[in-house]
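As structure tokens, the structure follows; a few thoughts come after it.
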Amino acid sequence: MSDLMRAMTISEFGGPEVLQLREVPRALQVRDEVLVRVHAAGVNPIDAKTRAGGGMSNAIPTLPWILGAEFAGVVENAPYELSPFQPGDEVFGIVPLARYPGTYAEYVSAPSMSLVHKPTNLTMQQAAGVPLAALTAWAGVVDIARVCTGQRMLIHAGAGGVGHFAVQLAKFYGAWVATTASAENHEWLRELGADQVIDYRNERFEDVLDAPVDVVLDLIGNVRDNTGSRSLNVLRDGGLIVNVPTGSWATIHDEVAAAGRGLRASGLKLADDGVALRTIAQLFAQGDLQTHVDAVYPLSEAGAAHERVMQGHTRGKIVLDTLS
Ligand SMILES: NC(=O)c1ccc[n+]([C@@H]2O[C@H](COP(=O)([O-])OP(=O)(O)OC[C@H]3O[C@@H](n4cnc5c(N)ncnc54)[C@H](OP(=O)(O)O)[C@@H]3O)[C@@H](O)[C@H]2O)c1
């Protein structure tokens, strides 16, 4: 095995053009880490924000840096003889954002705790787009909102990476789910289980929901159409807003504090939660979760993948093929 690998790196922050394909030292495997030959890597909005100098850019220890947090691939080296992850095993997982060199590369070294055997009914490209978005959906719907039978939940941006998993998880655990999306995604979201789909381009969710909701999972925030602040008006007394895009946390918390009507608000920070990822893998294996890959780009075209993600209308996930 060569000591070098191909990787999409950034040497400065800026537009998609700062992503450059380079030969860099192969990922270094230490402690309980598993060295994985990456077959596909998921692309997320946080990657584009970080590349542009926002997002997690302050946490990057040194440039050049490899972006990307999620992957699917084949174990190349186990950390020790009786590790559950042995050479040849198909796995998928997540590396801590900006603290580990990323997954836009031929190899990644990932902590044993944050990878899982890949369900056989997912392709590598499907699996690569799951960990970050599905763990975020899990954190919002299961850990924070404590989804349960009969709960009424409004999920903004149900057609996106996090949203399409959130809709399915909320339905699986018994909630009634409304979600916002463009008209072309409505039929698909109903197939995923949504009870009400609201065309945010042509109607206001405040006007068409026929009763207050217990929870809003806000994947838009005040970045567009004041979505976060407007969401406070559809919550029942004591209801909860989970605000996911970091940009508008402070605003929402301030407004909830000022509202004087007993609403609750929480931000959300992604955890590299291998235990939850194991449950998510099981849900895929038994057919209770599905994913959609909107587009696949070769590793060398990561810049084009970022442009697509930044348009903000991904259905499901965008993925890089790191074998091509
Ligand atoms: N805090 C954390 O740890 C954390 C973790 C993960 C993600 N995030 C953040 O959460 C946000 C969502 O992430 P994601 O990966 O799901 O993004 P994404 O896949 O890029 O979301 C795209 C979706 O947004 C929908 N959309 C765009 N404008 C909308 C609007 N005004 N109302 C409703 N839907 C709208 C689009 O639906 P249509 O095409 O139908 O218009 C599209 O399907 C991002 O800001 C991301 O950075 C935060």
Side-chain angles (χ1 to χ4, degrees), residues 42-52 54-57 59 67-70 94 96-98 128-141 143-144 154-169 178-190 192 194 196-206 208 216-231 241-250 252 265-273 276 291-295 305-319:
V43 179
N44 289 285
I46 188 66
D47 302 344
K49 294 174 191 175
T50 301
R51 184 259 302 137
M56 303 293 288
S57 58
L67 295 174
E70 51 182 10
I94 185 164
L97 273 165
V130 169
L132 187 146
L135 285 172
T136 305
W138 183 276
V141 171
D143 290 341
I144 302 176
L154 169 63
I155 296 171
H156 287 304
V162 179
H164 82 299
F165 292 129
V167 167
Q168 294 175 79
L169 287 171
T179 189
T180 52
S182 304
E184 60 267 27
N185 285 320
H186 285 203
E187 193 182 330
W188 175 60
L189 283 164
R190 282 196 197 93
L192 294 184
Q196 182 174 0
V197 190
I198 300 165
D199 179 0
Y200 69 88
R201 293 175 193 262
N202 292 308
E203 50 194 4
R204 289 167 66 84
F205 53 87
E206 306 93 305
V208 294
V216 175
L217 182 68
D218 177 16
L219 298 168
I220 296 294
N222 283 354
V223 179
R224 292 193 204 110
D225 305 327
N226 228 20
T227 300
S229 296
R230 284 168 48 213
S231 295
I241 181 163
V242 183
N243 186 241
V244 181
T246 47
S248 53
W249 285 354
I252 300 298
S266 179
L268 181 164
K269 289 191 180 173
L270 173 71
D272 315 308
D273 183 349
T291 185
H292 177 81
V293 175
D294 197 343
H306 273 213
E307 278 170 11
R308 178 74 182 274
V309 163
M310 287 156 49
Q311 287 167 9
H313 294 290
T314 307
R315 177 190 278 199
K317 293 300 301 259
I318 303 284
V319 170

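Just so we're clear, the structure is a prediction, and the values are computed from it rather than from any experiment. Numbers here are sequence positions counted from 1. Read the numbers this way: they start at 1 and go in the same order the structure lists the ligands and their atoms.
- In terms of N/O distances under 3.5 Å, ligand 1 is not approached by K269.
- Looking only at protein heavy atoms, the nearest one to atom 15 (O) of ligand 1 is P45 CD, 3.4 Å.
- For ligand 1, the polar-atom distance check finds no N/O of P245 at less than 3.5 Å from any of the ligand's N/O atoms.
- Between V43 and R308, the closest side-chain pair of non-hydrogen atoms is not below 4.5 Å.
- With a heavy-atom cut-off of 4.0 Å, T136 touches ligand 1 through its side chain alone.
- Of the polar atoms of V309, none of the N or O atoms is found under 3.5 Å from an N or O of ligand 1, judged by distance alone.
- In this structure, A133 has no heavy atom closer than 4.0 Å to ligand 1.
- For L219, no nitrogen or oxygen atom sits less than 3.5 Å from a nitrogen or oxygen atom of ligand 1, counting backbone and side chain alike.
- Residue-level proximity to ligand 1 for V244 is carried by backbone and side chain together, each with a heavy atom below 4.0 angstrom.
- Only the side chain of R201 comes within 4.0 Å of ligand 1, judged by heavy-atom distances.
- Here the side chains of H164 and W188 are in contact, with some heavy-atom distance below 4.5 Å.
- Among the atoms of R315, none of the N or O lies under 3.5 angstrom from an N or O of ligand 1.
- Looking only at atom types and distance, the side chain of S229 has a donor-acceptor partner in the side chain of N222 under 3.5 Å away.
- Neither the backbone nor the side chain of T227 has any atom closer than 4.0 Å to an atom of ligand 1 (non-hydrogen atoms only).
- In this structure, L132 has a heavy atom closer than 4.0 Å to ligand 1.
- At under 3.5 Å, not a single nitrogen or oxygen of I220, backbone or side chain, sits near a nitrogen or oxygen of ligand 1.
- In terms of protein heavy-atom proximity, atom 3 (O) of ligand 1 is nearest to L270 N, 3.0 Å.
- Contact check for L270 versus I94: side-chain heavy atoms found under the 4.5 Å cut-off.
- Remark: ligand 1 and A181 share no N or O pair separated by less than 3.5 Å (distance only, no angle test).
- Residue G161 has at least one heavy-atom neighbour below 4.0 Å for each of these atoms of ligand 1: 16 (O), 19 (O).
- Atom 27 (C) of ligand 1 has as its closest protein heavy atom R224 NH1, 3.0 Å.
- Side-chain contact between N243 and S266 is absent, with no heavy-atom pair separated by less than 4.5 Å.
- Residue N185 has at least one N or O atom closer than 3.5 Å to an N or O atom of ligand 1.
- With hydrogens and angles ignored, the 3.5 Å screen pairs no side-chain donor or acceptor of N44 with any backbone N or O of D47.
- Heavy-atom proximity to L268, at under 4.0 Å, picks out these atoms of ligand 1: 1 (N), 2 (C), 3 (O).
- Using a 4.0 angstrom heavy-atom cutoff, K49 counts as in contact with ligand 1.
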